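Note that the coordinates shown come from a computational prediction; the quantities given were computed from them, not determined experimentally.
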Amino acid sequence: MRIREIHLTPVAFRDPPLLNAMGVHEPWALRTVVEVVTDEGLSGLGETYGDLSHLQRLRAVAPSLTGLRVHALHEIHARVAASIGTDVGTDQHGLTGAGSNQKTVDAVFSPFEVACLDIQGKAAGVRVADLLGGPVREAVPYSAYLFYKWGAHPGEAEDRFGAALDPEGVVAQARLFIEEYGFGSIKLKGGVLPPDEEAEAVVALRDAFPGLPLRIDPNAAWTPATSVRIGQALEGVLEYLEDPAPEIAGMAEVAAQVPMDLATNMCVVTHDHLPPAIERGAIGVLLIDHHYWGGLLRSSQVAALCKTFGLGLSMHSNSHLGISLAAMTHLAAATPGLDHACDTHTPWQDGQDVVAPGALRFTDGAVPLPDGPGLGIELDRDALAAMHEQYLACGITRRDDTAYMRRFEPSFVPKRAHW
């Protein structure tokens with residue numbers, strides 16, 4: 001069974017004004033839907049970033065993949081690497097972690113791999129989770145992912161989520177998400193307000209939802225000294241503290257002095273980062289992300305390495321649609337050492353999707369594995385066409401939280417080791 005053709009469709013969907021250390025989300029989020037079609041008529045789906053530079057890399061490599069077997073994942077990866085060459089890439093898709101050539105190659109390869117696994121599962125009549133070794137859980141817990149946010153994009157009516165700029169607003173946001181999705185843990189995106197104010201919000205969440213695991217992610221906006229101070233102040237409150245300070249060295253300094261594990265999706269983003277991070281004791285939890293760790297199989301291999309060295313696992317999320325949620329759910333279901341609820345942006349998409357309704361749902365804060373073979377999802381082609389039209393009309397080709405923030409706060413400076 002060989003690849004006959006590949007369809008790449010960039011899409012845009014509405015995104016609320018979510019605040020972070022780099023600025024604020026623009027009104028439109030971008031993704032690319034990847035559809036691989038075989039010579040036997042089976043097709044598979046993948047999803048990845050929608051920034052123009054990434055889309056151009058996908059378009060450049062796609063012709064070289066036609067004719068390859070859908071099981072030839074090593075050859076597909078080699079073709080991607082050859083197409084990219086020594087290009088490191090400058091577009092981080094709104095992410096603030098380290099960039100590298102390996103990360104660029106793996107990010108381009110990932111959606112093709114997911115689509116091929118979707119096809120493999122359909123052909124064999126099994127789920128993708130079965131191709132990854134079989135599920136160890138039939139439903140994957142996700143966490144309520146909270147953001148400081150404006151009530152609306154400037155010039156627009158307030159969205160249904162409302163503003164969250166203080167502890168009361170953050171607690172109200174958590175209550176909404178927990179009522180609608182049943183989440184059993186909570187994460188707050190920090191790096192927006194002074195650290196002591198964000199610590200107050202975490203304590204307010206603890207008081208409002210006693211017993212629920214809590215975490216905060218300042219995206220390296222704090223210095224090591226501030227990270228230590230806040231970490232010590234939140235002893236017994238946090239499940240883990242995610243990326244409070246920059247780089248492996250800064251995280252190692254903090255990790256030696258705080259009572260909770262440190263987690264990351266910023267200072268460890270490729271295999272090369274694992275040895276120094278482990279040697280220095282910089283992290284206790286790794287947030288894997290198949291979008292830039294090279295797909296589902298490579299992420300499974302990273303998970304096995306983490307288990308070997310005693311690292312806990314969770315899963316990172318960026319703005320995404322249902323194809324990614326399905327892939328994340330299959331990976332998490334088949335990863336024995338994944339011992340923390342995963343991140344997801346799904347609530348912020350507020351029902352917008354390219355996946356046909358019914359296959360993906362939240363039950364008590366978890367997503368059950370879809371029943372069908374492969375990823376167990378189908379493409380909603382009308383929704384795909386509508387979101388593609390939105391991509392063509394929105395005028396955004398690259399996510400840039402900082403530039404958008406500076407339209408309204410010209411003096412805004414991205415926060416990195418700022419406090």
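- Around atom CG of Asp339, more than 12 heavy atoms belonging to other residues, nucleotides or ligands sit under 6.0 Å away.
- Under a 3.5 Å cut-off, the side chain of Arg31 and the backbone N or O of Ser319 do form a donor-acceptor pair.
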- Message: Could you walk me through whether Asp343 and Arg215 satisfy the salt bridge (Lys or Arg N to Asp or Glu O under 4.0 Å) test, starting with their C-alpha distance in whole Å, then the side-chain angles of each, then the deciding distance to 0.1 Å, before giving a yes or no?
- Response: CA-CA 11 Å; Asp343 295 347; Arg215 46 187 104 147; 3.2 Å; yes
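- Between Leu58 and Thr48, the closest heavy-atom pair is CD1-CG2, 3.6 Å.
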- Item | Derivation and outcome, side chain to side chain contact (heavy atoms under 4.5 Å, CB included), residues Arg229 and Asp196 | CA-CA 10 Å; Arg229 181 174 64 81; Asp196 290 285; 2.9 Å; yes
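- No side-chain donor from either of Tyr145 and Thr346 sits under 3.5 Å from a side-chain acceptor of the other.
- Closest heavy-atom contact between Ile377 and Ala359: CG2-CB, 4.0 Å.
- For the atom pair CG (Asp261) and OG (Ser314), the distance works out to 12.0 Å, reported to the nearest 0.5 Å.
- Nearest heavy-atom pair, Ile3 versus Ile76, reported as atom, atom and distance to 0.1 Å: CD1-CD1, 4.2 Å.
- No option in Ser110, Ser324, Ser299 other than Ser324 meets the side-chain hydrogen bond (donor to acceptor under 3.5 Å, both in side chains) test with His291.
- With a 4.5 Å cut-off on side-chain heavy atoms, His320 and Thr344 count as touching.
- Between Cys342 and Val140, the shortest heavy-atom contact is SG-CG1, 4.0 Å.
- Side-chain contact check for Asn318 versus Tyr49: some heavy-atom pair is nearer than 4.5 Å.
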- Between Arg298 and Glu113, is a salt bridge (Lys or Arg N to Asp or Glu O under 4.0 Å) present by the stated rule, with each step listed? CA-CA 10 Å; Arg298 286 171 179 259; Glu113 184 245 30; over 6 Å; no
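- In this structure a side-chain-to-backbone donor-acceptor pair under 3.5 Å is missing from Thr66 to Ala62.
- One finds the CG atom of Leu65 at 13.5 Å from the CD atom of Glu5 (value rounded to the nearest 0.5 Å).
- Judged as a ring pair (Phe, Tyr, Trp, His ring centres under 6.0 Å), not a single pair has a partner in residues 245-268 (not counting sequence neighbours).
- Using a 4.5 Å cut-off on side-chain heavy atoms (C-beta onward), Val171 and Leu205 make contact.
- No donor-acceptor contact under 3.5 angstrom links the side chains of His54 and Thr32, judged on distance only.
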- For Phe161 and Asp350, run side chain to side chain contact (heavy atoms under 4.5 Å, CB included): C-alpha distance rounded to whole Å, both residues' side-chain angles, the deciding distance at 0.1 Å, then the answer. CA-CA 10 Å; Phe161 303 108; Asp350 207 21; 4.1 Å; yes
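- With Arg137 contributing its side chain and Ala332 its backbone, the two residues share a donor-acceptor pair below 3.5 Å.
- The side-chain contact (heavy atoms from CB on, under 4.5 Å) test with Trp293 is passed by exactly one of Asn265, Leu331, Leu286: Leu286.
- Remark: Glu378 CD to Ile323 CD1 distance equals 10.5 Å, nearest 0.5 Å.
- To the nearest 0.5 Å, atoms CD (Glu200) and CG (Asp207) are separated by 11.5 Å.
- Not a single donor-acceptor pair under 3.5 Å links the side chain of Thr329 to the backbone N or O of Val367.
- Counting only heavy atoms from C-beta outward, the side chains of Val11 and Leu321 approach each other to under 4.5 Å.
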- Message: Ile178 vs Leu212, test: side chain to side chain contact (heavy atoms under 4.5 Å, CB included). Steps then yes/no.
- Response: CA-CA 11 Å; Ile178 290 171; Leu212 292 194; 3.9 Å; yes
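- Thr264 has its side chain out of reach of His273: every pair of non-hydrogen atoms, C-beta onward, lies at least 4.5 Å apart.
- The closest side-chain donor-acceptor pair between Asp106 and His77 falls under 3.5 angstrom.
- Note that CG of Asp289 and NE2 of His316 are 5.5 Å apart. Values are rounded to the nearest 0.5 Å.
- Counting heavy atoms of neighbouring residues, nucleotides and ligands inside a 6.0 Å radius, atom CD of Glu279 does not exceed 12 of them.
- One finds a salt bridge joining Asp217 and Lys189 here, because a Lys/Arg side-chain nitrogen approaches an Asp/Glu carboxylate oxygen to under 4.0 Å.
- Residues Ser143 and Ala341 approach most closely at N-CB, 4.1 Å, considering heavy atoms.
- Listed for the Ser83 side chain is no donor-acceptor partner under 3.5 Å among the backbone atoms of Arg79.
- Across all non-hydrogen atoms, the minimal contact from Val354 to Ala383 is CA-CB, 4.3 Å.
- Annotation: side chain of Phe147 is not in contact with side chain of Leu19 (no heavy-atom distance under 4.5 Å).
- With Thr402 contributing its side chain and Met22 its backbone, the two residues share a donor-acceptor pair below 3.5 Å.
- Within the 4.5 Å cutoff, side-chain heavy atoms of Tyr142 are placed close to those of Met328.
- In this structure, Asp159 pairs ionically with Lys149, as a charged nitrogen and a carboxylate oxygen lie closer than 4.0 Å.
- Exactly one residue among Ile283, Ile288, Leu313, Ile278 makes a side-chain contact (heavy atoms from CB on, under 4.5 Å) with Cys306. That residue is Leu313.
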- Using the salt bridge (Lys or Arg N to Asp or Glu O under 4.0 Å) rule, take Arg416 and Glu247 through it: C-alpha gap first, then chi angles, then the decisive distance, then the call. CA-CA 11 Å; Arg416 184 173 178 84; Glu247 311 299 343; 2.6 Å; yes
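- We find that Arg127 and Glu138 are joined by a salt bridge, their nearest charged nitrogen and carboxylate oxygen being less than 4.0 Å apart.
- Looking at Glu253, its side chain never comes within 3.5 Å of a backbone N or O of Ala249 through a donor-acceptor pair.
- Here the side chain of Glu197 pairs no donor or acceptor atom with the backbone of Pro194 at under 3.5 angstrom.
- Here the side chain of Asp118 pairs no donor or acceptor atom with the backbone of Gly46 at under 3.5 angstrom.
- Ring geometry for Phe177 versus Tyr181: interplanar angle over 60°, hence perpendicular rather than tilted (30 to 60°).
- Looking at Arg160 and Leu176, their side chains come closer than 4.5 Å, going by heavy atoms from C-beta outward.
- Ser317 and His345 share a side-chain donor-acceptor pair at under 3.5 Å.
- Note that CG of Leu68 and CE of Met1 are 13.5 Å apart. Values are rounded to the nearest 0.5 Å.
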- Task: Output, in order, the C-alpha distance, side-chain angles, deciding distance and verdict of side chain to side chain contact (heavy atoms under 4.5 Å, CB included) for Glu26 and Asp15.
- Result: CA-CA 7 Å; Glu26 295 176 270; Asp15 207 12; over 6 Å; no
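- Using modelled atom types and a 3.5 Å distance limit, the side chains of Asp401 and Asn20 yield a donor-acceptor pair.
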